Every structure is written in structure tokens, then in C-alpha cells.
Amino acid sequence: MSRSQRGSFLRANGLSLFFGSIFLAALLGEALTGWAAYNNEQVADGLATVDLTGYLTSASFGVDVAENWQSEYLQFLLYIWATVWLVQRGSPESKEEGTEGTESDKAQKIGADADPDSPAWAKAGGVRTRLYSSSLVLVMGAMFIGSWFAQSVAGLAAYNERQIVQLQDPLRWAQYVWSAEFWNRTLQNWQSEFLAVGSMAIFAVFLRQRGSPESKPVGEPHEKTGITG
Amino acid sequence: MRTQRLVFAVYIGLIVAGLFYFVVLGALHR
């Protein structure tokens, strides 16, 4: 890869590479600080400390990561789905009132109304086009369900390790997913996501960020909906 | 779109691998 090719790769993928990089950095920070906190608890409980590998393969690390993943995917899943059916007058993230729903084939450029350069599955019609028409929600939904399941499995193991230390009975998976612990971990993540999404939907009506497609142009009137700048 | 497909695949791969790891982790600790 030449220097100019590398430059164009970085530039063309700036958003995903930037967020991918800070994700890895934050995950590393979470691992190191989680390891230290875990060992503090082990010492307090009179148990042996673990090395970093021991912490990274602990159920405690797994549940902490997975519970945050599930709530983020749920947030995007709900936002993508809700913006099909609900509008917010004045928001750059919203459609105009009257366009709620999945819209016509013509508006969505599918089947016979597809453009020559439309994705193959948008042109195909039938089950492929139906599937592709919801592929973003389906994949985000699968990520959400997958992370929530991972949270439940790792959370159960972490919970039971503590139960055993405290000479309490361990739970089965079916009991854990109805436990206060599981739902408390879940809902404390959900509440913050829902607040942030709701804030964004209404803040972007009246507030601006010059140059951001998440915002309307600075001089755009508050009542204009669905315009990004 | 070739490099975008690559980044897309890396993201999906990372997430799926991560989820698989956490599920296996939880199952091994039972």
C-alpha cells in the first residue's frame, strides 16, 4: 500500500477507525482498572489475587463488558426502528410528519423501482429484498440479543462465584434471568441510553453544531424537520 | 467500497468473536 493509498484509506474510513481505536483503548483501560478493582475485592474477601489473564478470563470481566454492549445495541436498534414510525418535529434525525412507516417501493428504490447501481438484494425482489430492507435492524437486533445472552451467561457465573464465597446457594440460568441482580444491571444501562437518545432527539431541534450531519445547518429554522447540515 | 467492506467485516468479526468469547467464558465458569 503506497503512502497516498494509505492516506485515502484512513480518510475514507475516519469515523469507523477513530471509534474502533478509542473502543480498544477504553476496553484496555477497563481491563486494567477492572483487574485492580477485582483484586482489591479478592484481598478484602481473604481470597487469592489473580494475574491479568486470570481477570480477562473471569466471568466478572465478561459480564461488565457484555452488559454495556447490549444496551448500546438496544439503543441503536430502538432508534432505527422508532424513527421509522415516530417523528419529532424540528429534528434533523426525524422524517417529516406524514411520512411515518416503511414508505413506498419507489421512495425506497426497491424491486422494479431500484436504480441500476442499487444493491443486488434491493433489486432482487421477494424474500431477499424484504430481508435486506430490514438488515440493519436485524443485525443490530442480533447483536443486542447476543450481548444480552452473553451478559446473562457470564453474569450468572460471576454471581454464582460470589454466592459460593458467601456460602449461599448458586442459581440456575432460568433463575438468574429473573433475578434482581440481572435486571438491575440491565436497567441501569438502559435508562442512561434512553435518556441520551431522548435528549438528542429534542436538543437537535433547538441546538446546532456547525458542520455536523447530526445537526441542522446553524441558520436553519427550529421548525424545519429532517434537514442535516 | 473495498476498504469499507474490510472495515465492516472487521467490526462484525470483532463483535461476534467477543460475544462468543464471553458466552464460552461464562459457560466454562459454571
Side-chain angles (χ1 to χ4, degrees), chain A residues 1 5-6 8-21 23-24 27 54-70 72-73 117 119 139-140 142-162 164 170-173 176, chain B:
Chain A
M1 202 185 258
Q5 277 176 319
R6 196 159 49 231
S8 90
F9 171 75
L10 295 176
R11 187 176 183 186
N13 296 288
L15 275 172
S16 52
L17 294 176
F18 170 68
F19 280 101
S21 305
F23 158 68
L24 292 176
L27 188 64
Y55 176 66
L56 292 181
T57 54
S58 72
S60 177
F61 175 66
V63 65
D64 288 348
V65 175
E67 74 175 37
N68 284 283
W69 284 18
Q70 59 89 355
E72 302 303 331
Y73 283 106
D117 57 353
V139 169
M140 289 301 206
M143 301 284 190
F144 162 60
I145 295 293
S147 329
W148 206 15
F149 178 68
Q151 178 197 334
S152 74
V153 173
L156 171 66
Y159 184 79
N160 281 344
E161 278 170 11
R162 271 204 319 284
I164 289 162
L171 296 183
R172 289 195 314 274
W173 183 82
Y176 180 69
Chain B
M1 285 295 109
R2 241 183 68 222
T3 65
Q4 281 76 5
R5 276 180 212 279
L6 174 69
V7 177
F8 179 81
V10 168
Y11 261 80
I12 297 267
L14 257 177
I15 297 155
V16 171
L19 292 181
F20 185 73
Y21 176 71
F22 294 135
V23 170
V24 170
L25 207 65
L28 288 180
H29 279 275
R30 295 193 65 189

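The model shown is predicted, which means the values in this text are computed figures rather than measured ones. Numbered from 1 within each chain, the chains take letters A, B, ... in sequence-line order.
Checking side-chain atoms of B/Tyr21 against main-chain N and O of A/Gly62 turns up no donor-acceptor pair under 3.5 Å. Checked by atom type and distance alone, the side chain of B/His29 never pairs as donor or acceptor with a backbone atom of A/Asn160 at under 3.5 Å.
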A/Phe23 and B/Tyr11: side-chain contact (heavy atoms from CB on, under 4.5 Å), yes or no, with the steps? CA-CA 11 Å; A/Phe23 158 68; B/Tyr11 261 80; over 6 Å; no
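Atom-to-atom distance recorded for B/Leu19:CG and A/Phe149:CZ is 10.5 Å, nearest 0.5 angstrom. Rounded to the nearest 0.5 angstrom, A/Gln5 CD and B/Thr3 OG1 are separated by 10.5 Å.
With a threshold of 4.5 angstrom between heavy atoms, B/Phe20 does not approach chain A through any atom at all. Neither the backbone nor the side chain of A/Gln151 comes within less than 4.5 Å of any heavy atom of chain B. Neither the backbone nor the side chain of A/Tyr159 comes within less than 4.5 Å of any heavy atom of chain B. Contacts of A/Val139 with chain B are made by side-chain atoms alone, with heavy-atom separations under 4.5 Å and no backbone atom involved. With a 4.5 Å cut-off on non-hydrogen atoms, B/Leu25 touches chain A through its side chain but not through its backbone.
When all heavy atoms of A/Ala150 and B/Phe22 are compared, the pair lying nearest together is CB-CB, 4.0 Å. Taking every heavy atom of both residues into account, B/Gly26 and A/Ala157 meet most closely at O-CB, 3.6 Å.
Ranked by heavy-atom pairs under 4.5 Å with chain B, the first of A/Ala59, A/Ser16, A/Gly146 is A/Ser16. Chain B forms more heavy-atom pairs under 4.5 Å with one residue of A/Ser147, A/Ala66, A/Ala154, A/Ser152 than with any other, namely A/Ser147.
Considering only residues two or more places apart in sequence or on other chains, B/Phe8 meets the side chain to side chain contact (heavy atoms under 4.5 Å, CB included) condition with B/Ile12.
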